[in-house]
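Read the numbers this way: they start at 1 and go in the same order the structure lists the ligands and their atoms.
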Amino acid sequence: MELVNLKDSTERVSFAQAVKQGIGKNQGLFFMEHITPFSAAEVNELLGLDFVTRSQKVLRHLIGKDEMPNLETIVADAFNFDLKLAPADQNTYCLQLFLGPTLAFKDFGARFMARVLSSIIGDSKCTILTATSGDTGAAVAAAFYQQPKINVVVMYPQGMISPLQESLIATLGDNIHAVEIKAPFDSCQDLVKTAFDDASLRQEVGLNSANSINISRLLAQVCYYFEAVAQLPVEKRNKVVFAVPCGNFGNITAGLIAKALGLQARFVIACNANDTVPRYLQSGKWEPHQTVATISNAMDISRPNNWPRVEALCKMMGWSLSDFDFGSVDDETTRENMRKLYKESGYITEPHAAVAHKVLTDSLKDGEVGIFLGTAHPAKFKEEVDKTLGIDLPLPQALEERCRLPLQKKVMDADFAQLKSYMLDDLKL
Ligand SMILES: *Cc1c(COP(=O)(O)O)cnc(C)c1O
């Protein structure tokens with residue numbers, strides 16, 4: 001598989017190199033220039049397979065025959081948990097991607113990436129530096145915990161992630177280092193970018209980003225879009241609409257790669273009040289506002305870093321941006337929708353899925369089958385879910401135990417010099 005830097009097409013790398021490097025020159029994202037689609041017959045055949053076997057074939061097709069001889073083993077090992085397409089109301093299903101170890105869809109990408117990376121780094125050392133608005137950090141921490149020769153530094157914005165998310169990041173210890181930044185998520189993301197621009201730091205600690213910037217995470221996520229359609233009855237497979245709750249737009253990029261591979265579906269972009277993309281699609285002007293805090297906090301991102309990949313993919317496939325349906329939902333509407341779904345269908349959602357369900361419902365036409373992505377377990381947003389629905393949602397037991405452990409974290413300003421000296425002096429491999 002050859003990947004090209006979207007900001008400098010002279011930089012071309014293999015899949016392994018792109019996974020190791022994370023991001024290219026001038027902070028350019030790596031992406032493919034061509035995608036060979038499956039034929040309709042091949043797609044049908046794939047839909048008849050079980051999740052792991054199908055995912056092995058899809059990823060082998062994307063990555064090619066010449067790399068990652070152990071890909072099939074990695075896929076089987078990474079995707080060792082359940083995913084379910086659950087009926088939510090009359091016209092819609094929730095693709096429940098939150099049944100993995102940290103109860104978020106990011107487990108798919110993080111577990112795949114951890115195994116790919118540890119298989120390709122050989123004897124070199126490696127430090128994962130990641131900025132999280134909540135779930136990425138937890139998934140990355142869990143996926144890399146106790147992987148030899150790999151340190152993980154997880155930065156998160158103070159006061160903007162849930163106590164449970166913080167526990168999942170900051171109670172592991174060992175090779176997992178939690179750093180609370182006294183600034184919003186975008187500043188954490190800027191620190192990651194600055195770190196990657198610092199050649200000496202990059203070299204010294206073997207810097208790697210496990211953010212949705214990393215191509216391996218995106219590729220892993222392609223697989224569950226096929227699974228969603230495979231779990232539908234055959235007669236419902238022709239008019240599928242996916243609504244994706246978007247933050248950094250990695251998840252929807254993966255869905256669009258599945259579409260480029262031949263999966264028949266329409267895609268709907270669902271945002272919260274951080275609506276840079278919906279406003280862009282409406283006006284043609286890219287005008288990020290200040291990030292605002294919402295109850296769907298993993299989507300509190302005003303400069304989504306995967307957007308250039310969405311545009312590159314559209315260009316590659318000859319799709320028009322005007323083909324996307326989209327919407328943005330404020331907190332009050334999100335809560336109303338959570339109550340409505342619960343009252344009318346007994347289906348419990350957390351805020352991210354509820355945003356996607358609302359935009360989906362507004363977009364769905366007669367005869368279409370809607371699938372919204374359940375990106376987090378409702379229990380991960382227990383406080384909000386309980387308050388909104390007037391229930392007392394039980395926490396899965398493993399999580400309850402984690403919440404009782406003491407936090408091990410470093411608190412820092414959004415100051416690169418401080419971060420750098422911490423990484424160079426305080427962390428040992
Ligand atoms: C990360 C996350 C999102 C946003 O996904 P992107 O790939 O960043 O667009 C949505 N919901 C939840 C619960 C998340 O953790």
Side-chain angles (χ1 to χ4, degrees), residues 29 94-110 113 130-143 154 156-157 160-162 164-166 168-169 185-186 188-189 209-222 224-225 242-258 267-272 274-278 291 294-310 324 326 328-329 334 338 349-359 372-382 384-385:
L29 302 169
C94 179
L95 181 60
Q96 298 184 333
L97 300 171
F98 49 70
L99 304 170
T102 71
L103 306 185
F105 81 99
K106 293 191 171 90
D107 285 325
F108 287 92
M113 178 178 171
T130 187
T132 183
S133 53
D135 283 344
T136 318
V140 167
V154 182
Y156 56 91
M160 289 175 85
I161 70 173
S162 75
L164 176 60
Q165 286 172 327
E166 186 172 30
L168 287 172
I169 295 165
F185 173 72
D186 286 332
C188 301
Q189 198 153 273
S209 155
N211 272 7
S212 51
I213 287 171
N214 198 287
I215 192 74
S216 61
R217 292 197 21 191
L218 290 187
L219 297 194
Q221 291 171 225
V222 172
Y224 52 65
Y225 287 93
F242 283 106
V244 185
C246 293
N248 257 326
F249 282 69
N251 207 0
I252 197 162
T253 304
L256 294 171
I257 295 172
F267 282 81
V268 177
I269 294 168
C271 291
N272 62 24
N274 296 285
D275 59 351
T276 306
V277 168
T291 311
T294 73
I295 57 171
S296 45
N297 61 23
M299 295 154 68
D300 291 351
I301 294 165
S302 55
R303 284 171 281 152
N305 59 20
N306 273 298
W307 184 253
R309 283 178 166 142
V310 174
F324 287 111
F326 55 85
S328 69
V329 180
T334 305
M338 287 167 69
T349 48
E350 49 70 43
H352 305 77
V355 165
H357 178 268
K358 170 66 180 152
V359 179
F372 61 102
L373 271 57
T375 45
H377 194 293
K380 290 196 85 170
F381 295 88
K382 176 176 165 51
E384 183 60 45
V385 172

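A heavy-atom cutoff of 4.0 Å around ligand 1 is satisfied by the protein residues F105, K106, D135, P245, C246, G247, N248, F249, G250, N251, A298, M299, H352, T375, A376.
Qualifying ring pair (Phe, Tyr, Trp, His ring centres under 6.0 Å) partners for Y224, counting only residues two or more places apart in sequence or in other chains: F108. Every side-chain hydrogen bond (donor to acceptor under 3.5 Å, both in side chains) that S296 has, sequence neighbours left out, goes to N272, T294. The ring pair (Phe, Tyr, Trp, His ring centres under 6.0 Å) test applied to Y225 returns F242, F267, not counting sequence neighbours.
Between F381 and H352, the ring-plane angle classifies as tilted under the 30° and 60° cut-offs.
In this structure a side-chain-to-backbone donor-acceptor pair under 3.5 Å is present from N248 to N305.
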Exercise. Please lay out, stage by stage, how N214 and R217 fare under the test side chain to side chain donor-acceptor pair (under 3.5 Å).
Key: CA-CA 6 Å; N214 198 287; R217 292 197 21 191; over 6 Å; no
